[in-house]
Amino acid sequence: MIFQRAKGQKLEGRKSMSRDVPLVDYQNPDVVYIHLLQQQAKLKPLVEVGDKVTVGQPVAMREGFGAMPRHATVSGEVTAIKKAWHASGRMVDAIEITSDHKDTFHPTVKKEENPQNLSKDQLIEKMIDAGLSGLGGAGFPTYVKYQTDAPIDTVIINAVECEPYMTCDYHGTIEFSKRLVKGLGYMMKAAGAQRGVIALKSYNEAMRKAVEPYLEDNMEIFKVKDVYPSGWEKYIVEQVTNKTYDNLPSEAGVIVNNSGTAIVYSDMVEENIPLIRRALTITGENIKEPKNFFVRLGTKVSELIEKAGGYIEGMDPEETHYIAGGPMTGNAILIDDLIVNDTLGSVIVKPKPEEEPYPECLGCGKCADVCPAYLAPTSIWQAYEAKNTDLIKKLNATKCMNCGL
């Protein structure tokens, strides 16, 4: 098949701030907040104020498309249902749970006797029961990918982490390499796939050395170029398989999952631990000691910033950028009073640039030069201004992956 491969750009990574700092385990916050929103879907609370809960107990339910539960990430008491900051930059309803610091697990959280004997359907059911969503930033319900009717021959684990500043997947892959490979194996069985691939950047020898000893015969490492957005799903699929697709990777016989998703999935299969924790990076020029954390979902970001040494002395909040997620695709946020959820891979605190970007398009065409999907953003913008829907469709505006370039 002849096609134009997605292209990438070399960016200043700024990963050295947190790259040499191993994951800091922080599993016992005083209070957590479970958002009643996932992607654009509102969740129905299953508990009331005053209820006692245990770790792994379902406390909310996503209904309709992608239906699955969300779970308590600490044991304790439901003390409020109130607004809390979300990674989208909005205040949304959330269940406040005050920890009793006993970390009592729900009876359903128990060791699986023979996980290797679980069937394809049982492995997919585990994803649903555990509330597994993609930890790469999109938060898409993972099981939906595995319910496809398309034949899947390859499962790819995306450990590329191409966004600048972020290093949590790098450390998660190294420190939890055995669990990552186990997760890949279970995902391959759930997909009926014969090939497993772990994609990482070509220079990441530490990741390769950590993962290689656990690989099975039908698994391999694939190195991608150190460019942005080499972690884009379509870029990876094209590089690994020499195939492309229009809408979903399944059209090319592929399912792609983030490395963090594979790691927690191994816990779900073997220990029946639902999605209660993730890795994330707290970094930026205005953070004293940038760090990577492995934390319970619902933890306050302000607590993690404090554990990262706090802010540099003399920082002016009015001259500071707060970013939830990566600097290319993340959301600007107003303050650090943010809550860790499944989509939050980093919080970056940095000075505002000395030069502000141009307020309007100049028609220079540089956006088209760097677009990884070969789009013409200026023409799309002009069609949008003219409210020409037909032209917008012809220009393939829906192929935009919001790369930020």
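What's counted below: heavy atoms across the whole structure, side chains too, no hydrogens, waters or symmetry copies.
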Test side-chain contact (heavy atoms from CB on, under 4.5 Å) applied to K307 and F293, step by step: CA-CA 10 Å; K307 291 188 174 297; F293 293 91; 4.0 Å; yes

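- Shown here is E385, whose CD atom has more than 12 heavy atoms of other residues, nucleotides or ligands within 6.0 Å.
- Using a distance-only test at 3.5 Å, with no hydrogens or angles considered, a donor-acceptor pair links the side chain of T241 to the main chain of K243.
- The minimum heavy-atom distance linking K7 with V370 is given by the pair CE-C, 4.1 Å.
- Looking at heavy atoms from C-beta onward, P327 lies in side-chain contact with Y165 at the 4.5 angstrom threshold.
- Heavy-atom contacts from other residues, nucleotides or ligands closer than 6.0 Å to CG of D149 number 12 or fewer.
- Rounding to the nearest 0.5 angstrom, the gap separating the CD1 atom in I156 from the CG atom in N158 is 8.5 Å.
- Residue pairs meeting the side-chain hydrogen bond (donor to acceptor under 3.5 Å, both in side chains) criterion with at least one partner in residues 196-219, sequence neighbours excluded, are R19-N204, K201-D226, E205-R208, E205-K223, R208-E212.
- Interatomic distance, OG1 of T343 versus CG of L297, reported as 10.0 Å (0.5 Å rounding).
- A side-chain donor-acceptor contact under 3.5 Å links E161 to the backbone of Y170.
- Side-chain contact between I348 and R14 is absent, with no heavy atoms from C-beta onward closer than 4.5 Å.
- K42 places no side-chain N or O within donor-acceptor distance of the main-chain N or O of E63, the cut-off being under 3.5 Å.
- With hydrogens and angles disregarded, no donor-acceptor distance shorter than 3.5 Å links the side chain of H71 to the backbone of I273.
- When all heavy atoms of A94 and Y33 are compared, the closest pair comes out as CB-CB, 4.1 Å.
- Across every non-hydrogen atom of V59 and I95, the tightest pair is O-CD1, 3.4 Å.
- Ion pair D93/K83 flagged as a salt bridge, since at least one NZ, NE, NH1 or NH2 atom sits closer than 4.0 Å to an Asp/Glu carboxylate oxygen.
- Here CG of L338 is found 9.0 Å from CD1 of I335. Values are rounded to the nearest 0.5 Å.
- A donor-acceptor pair is defined here as one N or O able to donate and one able to accept, closer than 3.5 Å; no such pair exists between the side chain of E303 and the backbone of P29.
- Donor-acceptor pairing under 3.5 Å is lacking for the side chains of D30 and S99.
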Evaluation steps, side-chain contact (heavy atoms from CB on, under 4.5 Å), between M315 and V349: CA-CA 10 Å; M315 186 191 87; V349 187; 4.2 Å; yes

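- Smallest separation of non-hydrogen atoms from V227 and C162: O-CB, 3.9 Å.
- Side chains of E77 and T98: a donor-acceptor N/O pair is absent below 3.5 angstrom, by distance only.
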Intermediate values then yes/no, salt bridge (Lys or Arg N to Asp or Glu O under 4.0 Å), R179 and E270: CA-CA 10 Å; R179 287 155 65 183; E270 297 186 347; over 6 Å; no

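- Within the 4.5 Å cutoff, no side-chain heavy atoms of Q239 are placed close to those of S230.
- Surrounding NZ of K15 are more than 12 heavy atoms belonging to other residues, nucleotides or ligands, all under 6.0 Å away.
- Contact of the L215 side chain with the I198 side chain is registered, since non-hydrogen atoms from C-beta on lie closer than 4.5 Å.
- Between the side chain of N331 and the backbone N or O of A324 there is no donor-acceptor pair closer than 3.5 Å.
- Taking the side chain as every heavy atom from C-beta outward, I282 and I305 approach each other to under 4.5 Å.
- Atom CD of Q194 is surrounded by 12 or fewer heavy atoms from other residues, nucleotides or ligands within 6.0 Å.
- Within a 6.0 Å sphere centred on CD of E306, other residues, nucleotides and ligands contribute 12 heavy atoms or fewer.
- Judged purely by atom type and a 3.5 angstrom limit, K189 uses its side chain to pair as donor or acceptor with the backbone of Q116.
- Remark: K234 qualifies as a cation-pi partner of Y245 under the 6.0 Å distance and 45° angle criteria applied to the six-membered ring.
- When atom types are taken as modelled, the side chain of N402 and the backbone of T329 share no donor-acceptor pair closer than 3.5 angstrom.
- Nearest heavy atom pair, residue M401 against residue P372, reads SD-CG, 4.2 Å.
- In terms of modelled atom types and a separation under 3.5 Å, the side chain of K350 and the main chain of T320 share no donor-acceptor contact.
- The two residues I380 and I392 make their nearest non-hydrogen contact at O-CG1, 4.4 Å.
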Stepwise side-chain contact (heavy atoms from CB on, under 4.5 Å) check, T142 with Y265: CA-CA 10 Å; T142 302; Y265 183 54; over 6 Å; no

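- Residues V264 and R278 form no side-chain contact, since every pair of their non-hydrogen atoms from C-beta on lies 4.5 Å or further apart.
- With respect to V256, the side-chain contact (heavy atoms from CB on, under 4.5 Å) criterion is satisfied by exactly one of V237, T154, V240: V237.
- A donor-acceptor contact closer than 3.5 angstrom is absent between the side chains of S119 and D121.
- D25 contributes atom CG, which lies 12.5 Å from atom CG of N292 (distance to the nearest 0.5 angstrom).
- Donor-acceptor pairing under 3.5 Å is recorded for the side chains of D100 and S75.
- Taking the six-membered ring where the residue is Trp, Y322 and Y311 present perpendicular rings, their angle passing 60° and hence far from 30°.
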Worked check of side-chain contact (heavy atoms from CB on, under 4.5 Å) between Y374 and N396: CA-CA 10 Å; Y374 297 93; N396 292 316; over 6 Å; no

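- In summary, the side chains of N28 and D103 do not present any donor paired with an acceptor at a separation below 3.5 Å, with no hydrogens or angles considered.
- Residue L132 holds its CG atom at 12.0 Å from CD1 of I124, rounded to the nearest 0.5 Å.
- Side chains of H171 and F294 form no contact here, defined as non-hydrogen atoms less than 4.5 Å apart.
- In this structure, Y228 and L405 have side chains that are in contact, with non-hydrogen atoms separated by less than 4.5 Å.
- In this pair, H86 and H35 present their aromatic rings perpendicular. The plane angle is above 60°, beyond the 30 to 60° band.
- By the 4.0 Å N-to-carboxylate-O rule, D342 lies close enough to R70 to be salt-bridged with it.
- More than 12 non-hydrogen atoms from other residues, nucleotides or ligands lie less than 6.0 angstrom from NZ of K399.
- A donor-acceptor contact shorter than 3.5 Å is absent between the side chain of T173 and the backbone of M207.
- The closest side-chain donor-acceptor pair between Y146 and N257 falls under 3.5 angstrom.
- For the atom pair CG of L180 and OG of S259, the computed distance is 6.0 Å after rounding to the nearest 0.5 Å.
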